[in-house]
Number of protein chains: 2
Amino acid sequence: MRKNQHTRADQTRDRILRAAIREFSEHGLAGARTSAIASAARVNKALLYYYFRDKEALYTAALEEVAGKVAGDAIAVLDLGCSPGERVLRFALQHFDRNLSHHGFQSLMQQEMVRFRTGQSHAMRIIAKNAFEPMWDRALGLVHEGIGSGELCNVDPMQMMYAALGANVFYFLSAPMVRLVTSSDPLEPGPMAERRTAAIEYLGQTIFTDRRRGARLARTVLAAMPIPANAIPERKTA
Amino acid sequence: MRKNQHTRADQTRDRILRAAIREFSEHGLAGARTSAIASAARVNKALLYYYFRDKEALYTAALEEVAGKVAGDAIAVLDLGCSPGERVLRFALQHFDRNLSHHGFQSLMQQEMVRFRTGQSHAMRIIAKNAFEPMWDRALGLVHEGIGSGELCNVDPMQMMYAALGANVFYFLSAPMVRLVTSSDPLEPGPMAERRTAAIEYLGQTIFTDRRRGARLARTVLAAMPIPANAIPERKTA
DNA sequence: TTAGTTAGATTAACCGGTTAGTTAAAATGT
DNA sequence: ACATTTTAACTAACCGGTTAATCTAACTAA
């Protein structure tokens, strides 16, 4: 079960996968160029087909890699030792931070949702079962537990999740438009940090039965989880 | 300023544009096939190039059409005679309904956001100025007014918008995944109607200073705006 | 008459995928 | 210990299909 052997081959495969994630997230399946992936991975184009059956298999592999990592990180947070309510806050904040530091991942997922909805996608079923179902079950169970113990308000867990995660997705999705329409740039460190704080505080004030406790936990969580560095900076090509 | 002349030419142009919107929203700029657009519009391929310079110009035109319509509809709601708070609720509900009945539009916008963020897109600047800026200014002004009159809670209008619209976008975006992960389908009429109600009621309870008033207005708005028919049904191609 | 439209052939570029071959290192034989 | 064979990793060059876009010539409706 060794996943990351230090052999040269595995390093190469990994380079290809990373390059693929980037290319696909920026251009979609159809728009991505295999030659671009190859050169970004500093590899000959034919080598892509040595490691992966075809373009779509590479795309699927990229998707699974991303989904696996996202779900794995999330589950680690969901299994923390603190109270259910605090874990929900941490979960939401982690989701925000993932958008911030790896928003290529999020683009990839979003594009795949569109692709799947229009009825072309085998990958989705697989990553749903392997990655997202375990995560989702845990998240909903957690909210359930929090409601049971009286910590969280008694609302449909699903609806709570939409509120918690939707605002994050929308913030990053609309950022380019907001930058053009207003004079400030939501992706600049200042506004970003403000929004990050606001999102968690808002959540703390709305999902807890004891608002005061919610506010305090929000502050705790924000203090415990620092703003991550932007791991994969955007390259402005055009 | 006659926009929709009844001449044959304008009808044809319109058919092309509609077909383009659909094709681009389902497959993206790169994935869309001009031949598919032509045949969907029941038109010869050469005619596309009679009306539009090239594929990208057609794409841009499709985007402008969508943006214009969205912003126009939204502004009509924002300029209604009722109180600012009620108009915000109507605005949010309209946004939900647009996702429901024209979610091709939303896909198109989402894809373009990704495209723009990675630095390829002239269209965005144009539609931001012409369509979204007027809409956005009005929406924010409205919230401001509502806060001024004491109807709405004194929170950053922008943050309120993220909460109001984000959950909607995320609901539809995640629907395919949720369908696979849970046993219920968010896009079925039942869950859909439930979510629609929940979203507006939630908003009513969180943005108004007088929660009771918010709840009442939410009911009013829900009663006044019926669930629209799914105007552009999905065709499952694969 | 003329703007709108079709049919279909054609071109040129692009791009996914293949092929045939190279290199390096590990495995094997002696 | 050294020669050899095998295997895995990798590359340069190319092929064939696809696709956007053009052109010509004719047809049709207002």
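Basis for what follows: all heavy atoms, side chains included, without hydrogens, waters or symmetry-related copies. Chain letters run A, B, ... following the sequence lines, proteins first and then strands; every chain starts at 1.
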Atom pair distance, as rounded to whole Å: OH in B:Y49 and C1' in C:dT11
13 Å

Using a cutoff of under 3.5 Å, can you pull out all pairs of nitrogen or oxygen atoms linking the protein to nucleotides 11-15 of chain D, with atom names and distances?
residue	atom	partner	partner atom	Å
D:dT11	OP2	A:N44	N	2.9
D:dA12	N7	A:N44	ND2	3.2

Side chain to side chain donor-acceptor pair (under 3.5 Å) partners of B:R18, counting only residues at least two apart:
B:D14

Any ion pair linking B:R98 and B:D73 (charged N to carboxylate O, less than 4.0 Å)?
no

Checking N1-N3 plus N6-O4 or O6-N4 for Watson-Crick, or N1-O2 and O6-N3 for wobble, each under 3.5 Å, the partner of C:dT5 is D:dA26

Roughly, in whole Å, what's the span from CZ in B:F52 to P in C:dG4?
13 Å

C:dA3 C1' sits how many Å from B:R13 CZ, rounded?
16 Å

Can you give each donor-acceptor pair under 3.5 Å made by side-chain atoms of residues 156-168 of chain A, sequence neighbours left out, with the distance rounded to 0.1 Å?
residue	atom	partner	partner atom	Å
A:D156	OD1	A:M158	N	3.1
A:D156	OD2	A:Q159	NE2	3.3
A:Q159	OE1	B:R195	NH1	2.4
A:N168	ND2	A:A92	O	3.2
A:N168	ND2	A:H95	ND1	3.1

To the nearest 0.5 Å, tell me how far B:L100 CG sits from B:Y171 OH.
9.5 Å

What integer distance in Å separates B:L48:CG from C:dT5:P?
12 Å

As a test of reading the structure: which of C:dG17, D:dC10, C:dT5 is closest to the side chain of A:T12, going by heavy atoms?
D:dC10

Taking atom C1' of C:dT5 as reference, at what distance in whole Å does atom CD of B:Q11 sit?
14 Å

Is there a donor-acceptor contact under 3.5 Å from the side chain of B:R87 to the main chain of B:C82?
yes

Need one value for B:A32: base, sugar-phosphate or nothing, where a base atom within 4.0 Å counts as base even if backbone is also close, heavy atoms only.
sugar-phosphate

Spell out, as yes or no, whether a donor-acceptor pair under 3.5 Å connects the side chain of A:K55 to the backbone of A:A32.
yes

Check the distance between C:dG17's P and A:I37's CD1 and give it to me in whole angstrom.
11 Å

Between B:D54 (CG) and D:dT19 (P), how many Å, whole number?
18 Å

Is the distance between the ring centroids of B:F172 and B:F96 under 6.0 Å?
yes

Looking only at side-chain N and O atoms, does B:Y51 come under 4.0 Å of OP1 or OP2 in C:dG4?
no

Tell me the interatomic distance from A:R33, atom CZ, to C:dA13, atom C1', rounded to whole angstroms.
12 Å

